[in-house]
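The structure under discussion appears below in the form of structure tokens.
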Protein chains: 2
Amino acid sequence: MSNDTVKIPQATAKRLPLYYRFLKNLHSSGKQRVSSAELSEAVKVDSATIRRDFSYFGALGKKGYGYNVNYLLTFFRKTLDQDELTKVALIGVGNLGTALLHYNFLKNNNTKIAVGFDVEEAKIGTTIGDVPIHHMDELEKIITEMGITVAILTVPAPFAQTITDRLVAANVKGILNFTPARLTVPATTRVHHIDLAVELQSLVYFLKHYGVDEEEE
Amino acid sequence: MSNDTVKIPQATAKRLPLYYRFLKNLHSSGKQRVSSAELSEAVKVDSATIRRDFSYFGALGKKGYGYNVNYLLTFFRKTLDQDELTKVALIGVGNLGTALLHYNFLKNNNTKIAVGFDVEEAKIGTTIGDVPIHHMDELEKIITEMGITVAILTVPAPFAQTITDRLVAANVKGILNFTPARLTVPATTRVHHIDLAVELQSLVYFLKHYGVDEEEE
DNA sequence: AATTTATTGTGAAGATAATAACAATATTTT
DNA sequence: AAAATATTGTTATTATCTTCACAATAAATT
């Protein structure tokens with residue numbers, strides 16, 4: 001982990017990719033400058049929060065003017081390491097896994113699913129999009145060879161922990177977990193959960209029990 | 001919105017479906033009682049946080065004993081309205097939409113995708129799983145007829161806002177948004193985002209810039 | 001029935017995050 | 001070049017969330 005700047009709050013860090021994406025949009029639509037108020041409207045984050053977020057990286061804007069789109073974009077590209085391609089492994093090529101293979105992560109982020117793994121013989125040796133699918137038995141060998149340290153986990157829940165253990169042993173440091181299982185990992189590995197059923201159910205709960213007054217992340 | 005109990009913190013509300021799922025697991029494995037410490041190990045949430053979360057609903061446990069699994073389960077089933085089926089519309093039957101159609105939300109939550117919409121003629125009139133796919137032109141008509149107020153949005157980003165406007169006009173109150181677009185909605189509509197590219201990119205960012213010491217939600 | 005043990009529920013403290021508000025100041029207009 | 005305007009960066013404030021720590025007390029053991 002490079003610790004070039006002061007450590008950024010997690011809430012801020014999670015918004016950075018979002019800012020980056022909208023700055024790219026602005027840039028390609030030819031916009032030269034942008035204020036925190038405009039950006040706020042686009043990304044639905046309070047303008048004071050945006051200014052605060054940016055301020056962790058120093059004074060990026062100019063008073064009375066706003067932010068130079070090009071400058072900001074260049075700055076965030078470096079900060080988010082967009083010049084360096086991050087290769088990711090996809091574990092479990094079922095319905096969801098296949099959908100993710102077709103999802104173009106590369107377009108907005110310099111992240112690419114470089115390899116997939118499954119146990120179903122019909123899939124082994126094929127290519128989905130341009131991603132080769134290998135047998136799960138080769139997991140350790142191939143991701144080690146490819147130097148992959150980030151994995152997306154889309155296997156059936158009962159296999160999630162076992163495969164996680166193998167990923168950890170193979171030096172994977174980050175797991176995007178789409179299974180409902182809550183994974184046990186060492187402190188050196190980071191897991192982000194995307195729990196589809198929980199997301200849907202908590203949305204329903206909010207609708208029934210809360211007055212709705214704004215969206216939230 | 002029913003406001004039967006005191007308003008629960010949002011962070012707590014988001015964890016309720018998770019607790020519910022694990023309680024179901026415990027129950028079906030025959031467990032009679034559980035402590036906050038055990039539950040903590042399973043769901044990876046601090047035990048004090050679990051006790052605090054539960055305490056918003058009153059004193060559900062017994063000192064020196066823990067919680068009765070069956071009692072908790074019954075309580076949460078009511079609280080999460082699990083006895084009442086929530087029908088959901090899926091807008092956009094592409095790769096991701098199709099994967100979600102095959103995802104069994106019903107298993108753990110009383111939530112079901114009841115209808116899908118797309119513009120591709122080949123899909124109209126077919127059934128995926130047991131879910132009928134209709135033309136997008138019929139959106140308002142059908143979801144109004146079916147009394148649906150929750151939608152999952154998996155259309156290409158450029159169409160997201162237009163379709164959202166139509167959903168809102170057709171009385172949809174909750175949207176689970178898988179598109180990268182940040183939607184503009186009235187204060188009476190709630191949007192939850194699942195932004196796959198942002199999730200992946202922020203995971204990569206955390207790996208590079210932070211010492212990893214625990215997982216987080 | 002007395003003692004030990006386990007575990008809750010919660011007050012207090014701490015940590016993190018969001019927002020308001022405004023002085024400072026760069027840009028734009030006159 | 002002076003005045004008016006726009007907008008940042010940040011200090012202060014408030015809100016939300018997490019965790020510690022422990023008295024209270026129910027259950028289990030002796």
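In what follows, every chain begins at residue 1, and chains take the letters A, B, ... in the order their sequences are listed.
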Testing D:dG9, D:dC20, C:dG9 for proximity to the side chain of B:Asp46, the answer is D:dC20
To the side chain of B:Tyr67, which of C:dT19, D:dC20, C:dG9 is closest? C:dG9
Report the distance from atom CD1 of A:Ile8 to atom P of C:dA18, rounded to the nearest whole Å. 14 Å
Nearest-angstrom distance from the residue atom CD1 of B:Ile50 to P of C:dT7: 14 Å
What is the separation between atom CG on B:Leu72 and atom P on C:dT8, rounded to the nearest whole Å? 10 Å
Just call it for A:Phe54: base, sugar-phosphate, or nothing, with non-hydrogen atoms closer than 4.0 Å on any strand. nothing
Just the table, please: protein N/O against nucleotides 26-30 of chain D N/O, every pair under 3.5 Å.
{"unit_1": "D:dA26", "atom_1": "O4'", "unit_2": "B:Lys63", "atom_2": "O", "d": "3.0"}
{"unit_1": "D:dA27", "atom_1": "OP1", "unit_2": "B:Lys62", "atom_2": "NZ", "d": "3.4"}
{"unit_1": "D:dA28", "atom_1": "OP1", "unit_2": "B:Arg33", "atom_2": "NH1", "d": "3.4"}

Kindly assign one of parallel, tilted or perpendicular to the pair B:Tyr103 and B:Phe105, based on the angle between their ring planes and the thresholds 30° and 60°. tilted
Can you tell me the distance, in whole Å, between the CZ atom of B:Arg15 and the P atom of D:dT16? 15 Å
Could you give the NZ-to-C1' distance, from B:Lys44 to D:dT18, as a whole number of Å? 18 Å
Is there a donor-acceptor pair under 3.5 Å between the side chain of B:Arg21 and the backbone N or O of A:Ala197? no
Given atom CG of B:Asp53 and atom P of D:dT16, what is their separation to the nearest angstrom? 16 Å
With ring-ring contact (aromatic ring centres under 6.0 Å, His included) as the test, pick out the partner of A:Tyr67 among A:Phe54, A:Phe57, A:Phe76. A:Phe54
Strictly below 4.0 Å: does A:Thr49 bring a side-chain N or O up to OP1 or OP2 of C:dT19? yes
Okay, side chain of A:Arg190, backbone of B:Leu207: is any donor-acceptor separation there less than 3.5 Å? no
Out of C:dT7, D:dG9, C:dA18, whichever nucleotide has its closest atom nearest the side chain of B:Ser35: C:dT7
Go through it in stages, so that I can follow the logic: the residues are A:Tyr56 and A:Leu16, the test is side chain to side chain contact (heavy atoms under 4.5 Å, CB included), and I'd like the CA-CA distance, side-chain angles, deciding distance and then a yes or no. CA-CA 12 Å; A:Tyr56 292 116; A:Leu16 297 181; over 6 Å; no
Give a yes or no answer on whether the side chain of A:Glu140 reaches the backbone of A:Ala170 with a donor-acceptor pair at less than 3.5 Å. no
Look at the side chain of A:Gln10 and decide which nucleotide, out of C:dG9, D:dA12, C:dA17, has an atom nearest to it. C:dA17
B:Leu60 atom CG is separated from C:dT7 atom C1', nearest whole Å, by 14 Å
Which one, D:dG9, C:dT19, D:dT18, comes nearest to the side chain of A:Ser55? D:dG9
Between P on C:dT8 and CZ on B:Arg52, what's the gap in Å once rounded to a whole number? 14 Å
Just to be sure I understand the rule, does A:Thr12 reach a base, reach only the sugar-phosphate, or reach nothing, if contact means heavy atoms closer than 4.0 Å? nothing
Donor-acceptor pair, A:Arg15 side chain versus A:Val45 backbone, under 3.5 Å? no
Among C:dA21, C:dG11, C:dA18, which nucleotide has an atom closest to any side-chain atom of A:Arg51? C:dA21
